[in-house]
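Notes follow the structure.
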Amino acid sequence: MMSIDSNDYKILDRGFYSRDTAIVAKELIGKLLVKKIQGQQLNGIITETEAYYGKNDPASHAFRGRTPRAEIMFGSAGFAYVYFCYGMYYMLNAVTEREGIPGAVLIRAVLPISGTDTMAMRRNTRDIKKLANGPGKLTIAFCIDFSDNGKDLTGGCNNSVDLTIHDLDINLDSRNILQTPRIGITNAKEKQLRFVLKDIGIFNF
DNA sequence: GTACTGATACTCT
DNA sequence: GAGTATCAGTACT
């Protein structure tokens with residue numbers, strides 16, 4: 001397995017996130033999610049995302065307007081939105097759209113690249129494919145919890161930021177990205193707002 | 001391989 | 001008080 005140092009790849013800037021949510025969700029596929037913890041780097045390639053809008057999207061937390069929880073979705077793009085679900089799991093989102101317009105991309109799965117020992121310990125499995133192949137699993141593997149809510153994914157002007165997403169400069173053929181209905185929701189199931197990398201084999205690390 | 005179920009605590013009505 | 005952007009374990013095919 002090839003190791004990837006996030007310092008070799010540039011952080012996605014706020015302009016990347018300040019666009020239509022579905023476009024951001026699709027383009028986040030193949031990007032590198034990086035968490036720095038206790039001097040160690042955990043990273044992995046994003047393989048699955050979902051787009052959530054606002055008032056026209058009953059499945060979104062922002063559908064009912066500015067509730068305290070969803071407030072961050074109305075703020076400026078490029079920040080992390082972490083929330084708690086089903087009593088046990090944290091979910092990681094990236095805020096999208098222009099300030100004042102709600103939107104977020106749920107990061108549902110990543111392919112672990114570095115720090116897999118730490119992830120394996122936290123997840124109680126050594127199977128790389130199962131370490132972070134679900135939204136609840138990836139937050140456990142990457143040590144992401146409510147303390148990460150509101151962090152600036154673009155790094156901002158602050159070097160202490162430890163949660164970032166980098167551009168690997170990989171040209172993904174869009175035929176490699178599958179578009180399907182979203183998972184686990186009860187409303188607006190018909191919308192095709194889930195994006196999945198079809199073949200993780202193209203990352204032959 | 002698929003199908004079902006319980007665990008769990010936070011958010012909003 | 002009801003609903004929830006899930007997971008692991010169990011049972012069954």
Side-chain angles (χ1 to χ4, degrees), chain A residues 17 20-29 31 33 35 42 44 46-75 77-97 101-112 116 118-151 153 163 165 177-198 200:
Chain A
Y17 297 99
D20 178 81
T21 307
I23 293 174
V24 177
K26 184 172 182 180
E27 294 192 8
L28 274 176
I29 301 288
K31 300 294 190 282
L33 176 67
K35 169 92 189 216
L42 307 177
I46 297 171
T47 59
E48 186 178 337
T49 60
E50 282 178 4
Y52 287 88
Y53 288 94
K55 63 180 179 190
N56 293 320
D57 186 356
S60 172
H61 290 166
F63 179 62
R64 293 173 203 286
R66 290 184 178 240
T67 61
R69 178 173 67 165
E71 175 68 26
I72 192 167
M73 288 179 70
F74 290 81
F79 288 87
Y81 168 38
V82 178
Y83 69 90
F84 199 62
C85 186
Y86 290 114
M88 271 178 270
Y89 302 105
Y90 294 98
M91 306 285 147
L92 173 64
N93 300 250
V95 176
T96 60
E97 306 281 350
I101 299 176
V105 173
L106 171 67
I107 298 173
R108 287 189 57 86
V110 307
L111 179 66
T116 51
T118 302
M119 296 183 203
M121 209 163 56
R122 294 179 58 80
R123 288 273 301 116
N124 224 8
T125 173
R126 297 207 66 82
D127 189 336
I128 293 287
K129 289 192 293 294
K130 292 182 184 170
L131 281 180
N133 64 334
K137 300 181 200 179
L138 91 85
T139 53
I140 295 170
F142 278 72
C143 309
I144 290 166
D145 60 26
F146 199 65
S147 68
D148 293 296
N149 192 37
K151 279 187 180 170
L153 296 172
L163 184 64
I165 301 178
I177 299 176
L178 223 58
Q179 192 167 351
T180 78
R182 293 173 292 186
I183 302 288
I185 56 173
T186 49
N187 295 312
K189 288 179 185 169
E190 74 289 352
K191 291 181 193 285
Q192 303 259 325
L193 290 173
R194 172 172 175 250
F195 300 90
V196 189
L197 184 63
K198 204 187 289 182
I200 62 173

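All chains are named by letter (A, B, ...) in the order of the sequence lines, taking the proteins before the strands, and each is independently numbered beginning at 1. Computed over heavy atoms, backbone and side chain alike; hydrogens, waters and symmetry mates excluded.
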Interatomic distance, [X] [atom1] vs [N] [atom2] [rounded to whole Å]:
| X | N | atom1 | atom2 | value |
| --- | --- | --- | --- | --- |
| A:Leu193 | C:dA5 | CG | C1' | 12 Å |
| A:Met91 | B:dA9 | CE | P | 15 Å |
| A:Phe63 | C:dG3 | CZ | P | 17 Å |
| A:Met88 | B:dT11 | CE | P | 16 Å |
| A:Tyr83 | B:dT8 | OH | P | 20 Å |
| A:Leu138 | C:dT6 | CG | P | 12 Å |
| A:Leu131 | C:dT6 | CG | P | 19 Å |
| A:Tyr90 | B:dT11 | OH | P | 10 Å |

Looking only at atom types and distance, does a side-chain atom of [X] sit under 3.5 Å from a main-chain N or O of [Y], one as donor and one as acceptor?
| X | Y | value |
| --- | --- | --- |
| A:Thr49 | A:Ala25 | yes |
| A:Asn149 | A:Val82 | yes |
| A:Asp57 | A:Gly54 | no |
| A:Glu48 | A:Arg108 | no |
| A:Arg122 | A:Phe142 | no |

Check your understanding: Does the C:dA5 base have a donor-acceptor partner in the side chain of A:Tyr86 within less than 3.5 Å?
Key ->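 Flag unset: no donor-acceptor pair detected.
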Practice item. Report which part of the nucleic acid A:Arg194 touches: base, sugar-phosphate, or nothing (heavy-atom distance under 4.0 Å, all strands). Key: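 No contact at all - A:Arg194 keeps every heavy atom at 4.0 Å or more from the nucleic acid.
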Check your understanding: A:Gly136 near the nucleic acid: base, sugar-phosphate alone, or nothing, with a heavy-atom cut-off under 4.0 Å?
Key ->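 If one applies the 4.0 Å heavy-atom cut-off, A:Gly136 turns out to touch the sugar-phosphate alone, with no base involved.
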Review point. Which is it for A:Lys191 and A:Tyr53 under the side-chain contact (heavy atoms from CB on, under 4.5 Å) test, yes or no, and what are the steps along the way?
Key: CA-CA 11 Å; A:Lys191 291 181 193 285; A:Tyr53 288 94; 6.0 Å; no
Practice item. Please say whether more than 12 non-hydrogen atoms of neighbouring residues, nucleotides or ligands are located less than 6.0 Å from CZ in A:Arg64. Key: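 No - once you tally the heavy atoms of other residues, nucleotides and ligands closer than 6.0 Å, there are 12 at most.
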Review point. side-chain contact (heavy atoms from CB on, under 4.5 Å) between A:Ile185 and A:Tyr52: does it pass, once the steps are laid out?
Key: CA-CA 11 Å; A:Ile185 56 173; A:Tyr52 287 88; 3.6 Å; yes
Return the nearest nucleotide to the side chain of [X]; candidates are [options].
| X | options | value |
| --- | --- | --- |
| A:Ile185 | B:dC12, B:dA7, C:dA5 | C:dA5 |
| A:Ile183 | C:dA8, C:dT6, B:dA7 | C:dT6 |
| A:Arg69 | B:dA7, B:dT11, C:dT6 | B:dT11 |
| A:Tyr89 | B:dC12, C:dC7, B:dT8 | C:dC7 |
| A:Pro135 | B:dC12, C:dA5, C:dC7 | C:dC7 |
| A:Cys85 | C:dA8, B:dA9, C:dA5 | C:dA5 |
| A:Thr67 | C:dA5, B:dC12, C:dC7 | B:dC12 |

**Study point:** Intra- and inter-strand pairs of DNA chain C in dot-bracket (Watson-Crick or G-U wobble, both distances under 3.5 Å; | for another strand)
**Key:** ||||.|||||||.
I want to check one thing: is the phosphate of [N], taken as OP1 and OP2, less than 4.0 Å away from some side-chain N or O of [X]?
| X | N | result |
| --- | --- | --- |
| A:Arg108 | C:dT6 | yes |
| A:Lys189 | C:dA5 | no |
| A:Arg64 | B:dT11 | no |
| A:His61 | B:dT11 | no |

Check your understanding: Toward the 5' end of DNA chain C, which comes first, A:Thr186 or A:Ile140, by nearest nucleotide?
Key ->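 It is A:Thr186 whose nearest nucleotide is closer to the 5' end.
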